[in-house]
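The model shown is predicted, which means the values in this text are computed figures rather than measured ones. All values below were derived from every heavy atom in this structure, side-chain atoms included, with hydrogens, water molecules and symmetry-related copies excluded.
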Amino acid sequence: MEYEMRNGFIRAAALLPRVKVADPGYNKERICELIRQAAEQGVKIMVFPELCITGYTCGDLFYQELLLREAKKALFEIAEMTRDLDAVVFVGLPVEHQAKLYNVAAALCGGKILGLVPKTHIPTYNEFYERRHFAKGMETPVEVRLDETHVVPMGTRLLFSCRQMPGLVMGAEICEDLWAPDPPSIGHAMAGATVIVNLSASDETTGKDVYRKNLVSGQSARLICGYIYCSAGDGESTQDVVYSGHNLIAENGTVLAESARFVNESIVTELDIQRLCEERRRMSTYGSTQIPYCRVEFDLKETQTELSRFVDPAPFVPGKKEDRDKRCEEIFMIQAMGLKKRLEHTGSRTAVVGISGGLDSTLALLVTVKAFDLLGLDHKGIVAVTMPGFGTTDRTYENAVSLIRSLGADFREVGIAEAVRIHFRDIGQDENVHDVTYENGQARERTQILMDIANRLGGMVIGTGDMSELALGWATYNGDHMSMYGVNASVPKTLVRHLVRWYADTCEDAELERVLLDVLDTPVSPELLPPEDGKISQKTEDIVGPYELHDFYLYYVLRFGCTPKKIYRLARYAFAGAYSDETIKKWLETFYRRFFSQQFKRSCLPDGPKVGTVAVSPRGDLRMPSDACARIWLEELKELQEG
């Protein structure tokens, strides 16, 4: 079994046939037509609307023996059609059992009827009168004889499990079941279902689509599952209500696909079953049920699923400006409130920040200013120190000075060149040898200056390093790695940039905006090597790789525990046209090597506020041993390179 080769993806669809009320033969043809089309697209899970074989709006025609018989006949023919297809299909129809009529979802695969799941909650309010025709479904599955050759299980506690993809377990509920206080899908998920299908016939009223979408996305988040919702549309009776065909596919709170209403649109996307299983593993409050369920197994071929779903190349950064601005404001306040509490607790009225003219120190200073404003403290209590050294350029120096003065902080300048030269002389370091000692000696000198100023003034040093640097170990141990409170410690580099941009857009200060925009335009650099022709010679991303790639890797490694092969595949898809396959592989290997080898730096991080779902604090999200071995991850990457 090559479960890893598929990376846990499976293609799913909510398929919407145009029905004729009370015409199972016609409806069967439309259903089969959509099944064939979906199969050609590689769809493995196909979901149709509630009672789609007869039409939902048959009313008292459900009492007619002929309609029930023709519906059953259509079911058998649809099931037979699946014999040569590589898919599991869910269709809705009325089924009689022991003189009662049930509204069921029939699961079909490999020419067989796997089982029937009856509706639990039967609405009889407002425009609904289903209890007039249908009985509440039984929980414990029973055997139902549909004819001489078809004896199948029927009950709400039925799950459908794929032999070739162990994580793919499906449960079904029908329309109103989702809207009730105790949806059957809760029990399904606690019994192991990772995908819930909902066959629905939800009529349209003003504003109902928003509520419906929230229900589907919310249930998928609560249950950590994929949720496929397929609702009746064109062709249903409009005698009293109208059906819009509002279809939705969600995964753990994210709506992956949504149809336009009133156009009878089917939708197709991929569910990431591995991702759902990983999320459940890490959720210690995700319980299981002791209630017995019947599992019916089915087979699907082991194939590679082509991706059509959106893979965000910047998972930490919202795509829409309004969402991005809201996220930035929220994170900025989390940072500022964290620092505010620390200042209050220590009784400190002085904060010391080293300002380089780069992005990270700029954000740290802006956060410190906000914390002081929240406390009602004078900005002069913020000691902003610029420490020019061997690699400092005029551009970054001038931006640092302008930034400090624009914000009204106490400006201090302490050159480090002379002190570092004395230190080099003391330890026997040749100043012309630009090695790691040459670089780190400067970083540690700067941290010593900041710490000692803070001691002298009774203040605290505010850390500037961001999460991306910490993930890669791109920080000098006991240098810029250290502070008394690190406000940027869980902010990835790609988001730091947008936070500074957001502040520039909203500060209403022309000079401050100008400085911030120039900081944004400056290459990321520690400036520890001498400049060339007055310009930055040491560009971080030339050395460790593009931060947008590393942040992408970081997100999928820590948030979902993805394998290197899966991350590589997702990165190829997300960054198609931006980076070559070789470049993606190269920096992915760099990420793994540095991430494992540099954990010792993260194991002794200063305090700092968590702002998102991914963080590297040793006291919070990342309890990782400093001497963990990266061999199996690097070997999987090697397989990629050799293949």
Side-chain angles (χ1 to χ4, degrees), residues 214 217 221 253-255 312-344 351 353 355 358-377 379 382 384 399 403-404 406-409 462-470 485-522 524 547-548 551-552 554-555 559 607-617 620-621:
N214 288 339
S217 63
T254 300
V255 175
D312 195 341
F316 291 111
V317 183
K320 295 181 180 178
K321 186 179 186 303
E322 56 269 28
D323 295 336
R324 190 164 58 247
D325 288 349
K326 181 180 178 182
R327 178 78 56 86
C328 287
E329 181 179 10
E330 181 181 36
I331 289 173
F332 189 75
M333 282 305 299
I334 291 172
Q335 292 176 279
M337 290 298 290
L339 179 55
K340 170 181 174 288
K341 170 62 179 176
R342 182 53 54 92
L343 290 167
E344 284 179 317
V353 192
I355 306 300
L359 277 171
D360 289 344
S361 64
T362 295
L363 177 59
L365 180 57
L366 296 174
V367 168
T368 305
V369 166
K370 181 64 176 180
F372 268 57
D373 289 344
L374 292 170
L375 290 167
L377 298 177
H379 291 186
I382 303 171
N399 280 339
L403 179 68
I404 295 166
S406 293
L407 293 168
I462 311 304
T464 63
D466 63 59
M467 183 169 65
S468 305
E469 293 180 342
L470 292 170
Y485 196 75
V487 294
N488 296 338
S490 65
V491 184
K493 183 75 79 176
T494 49
L495 194 52
V496 169
R497 179 172 296 279
H498 287 282
L499 280 160
V500 174
R501 167 73 66 176
W502 164 79
Y503 198 97
D505 291 342
T506 58
C507 68
E508 298 181 348
D509 181 322
E511 174 58 17
L512 179 56
E513 180 183 8
R514 181 197 66 77
V515 176
L516 294 177
L517 292 179
D518 198 59
V519 169
L520 284 163
D521 195 44
T522 303
V524 177
Y547 275 116
E548 61 179 345
D551 282 358
F552 185 89
L554 176 65
Y555 180 79
R559 183 68 181 84
D607 292 353
K610 177 179 177 178
V611 303
T613 57
V614 175
V616 296
S617 168
D621 292 65

Counting N and O atoms only, with roles assigned by atom type, does the side chain of Thr464 sit under 3.5 Å from a partner on the main chain of Asp360, one being a donor and the other an acceptor?
no

Per-pair distances, 0.1 Å, donor-acceptor, side chain in residues 362-373, under 3.5 Å, sequence neighbours excluded:
residue, atom, partner, partner atom, Å
Thr362, OG1, Gly358, O, 2.6
Thr368, OG1, Ala364, O, 2.7
Asp373, OD1, His379, NE2, 2.7

Excluding sequence neighbours, so at least two apart, what forms side-chain hydrogen bond (donor to acceptor under 3.5 Å, both in side chains) with Arg342?
Asp607

Just wondering, do Leu403 and Leu512 contact through their side chains at under 4.5 Å, heavy atoms?
yes

Within the distance-only criterion (no hydrogens, no angle test), does the side chain of Asp323 pair as donor or acceptor with the backbone N or O of Pro318 below 3.5 angstrom?
no

Heavy atoms, side chains only, cut-off 4.5 Å: are Met333 and Leu374 in contact?
yes

Please check this pair: side chain of Arg324 against backbone of His498, looking for a donor-acceptor N/O pair closer than 3.5 Å.
no

Between Asp621 and Thr613, which heavy-atom pair has the shortest distance, and what is it?
OD2-O, 3.9 Å

Report the C-alpha distance between Phe552 and Asp312 in whole Å, list the side-chain angles of each, state the deciding distance to 0.1 Å, and finish with yes or no for side chain to side chain contact (heavy atoms under 4.5 Å, CB included).
CA-CA 9 Å; Phe552 185 89; Asp312 195 341; over 6 Å; no

Between Asn488 and Val491, is there a donor-acceptor pair closer than 3.5 Å when you use the side chain of the first and the backbone of the second?
no

Taking side chain as C-beta onward, heavy atoms only, is Glu511 less than 4.5 Å from Arg514?
yes

For Ala489 against Val616, the heavy-atom pair lying closest together:
O-CG2, 4.3 Å

Of the non-hydrogen atoms in Pro609 and Gln335, which two are nearest, and what is the gap between them?
CG-CA, 4.0 Å

Measure across Lys493 and Ser468 and return the closest heavy-atom pair with its distance rounded to 0.1 Å.
N-OG, 2.7 Å

Which atom of Met467 lies closest to which atom of Val614, heavy atoms considered:
SD-O, 3.5 Å

List in chain and number order the residues that pass ring pair (Phe, Tyr, Trp, His ring centres under 6.0 Å) with Tyr555, two or more places apart in sequence or in another chain; answer none if no residue qualifies.
Phe316, Phe560

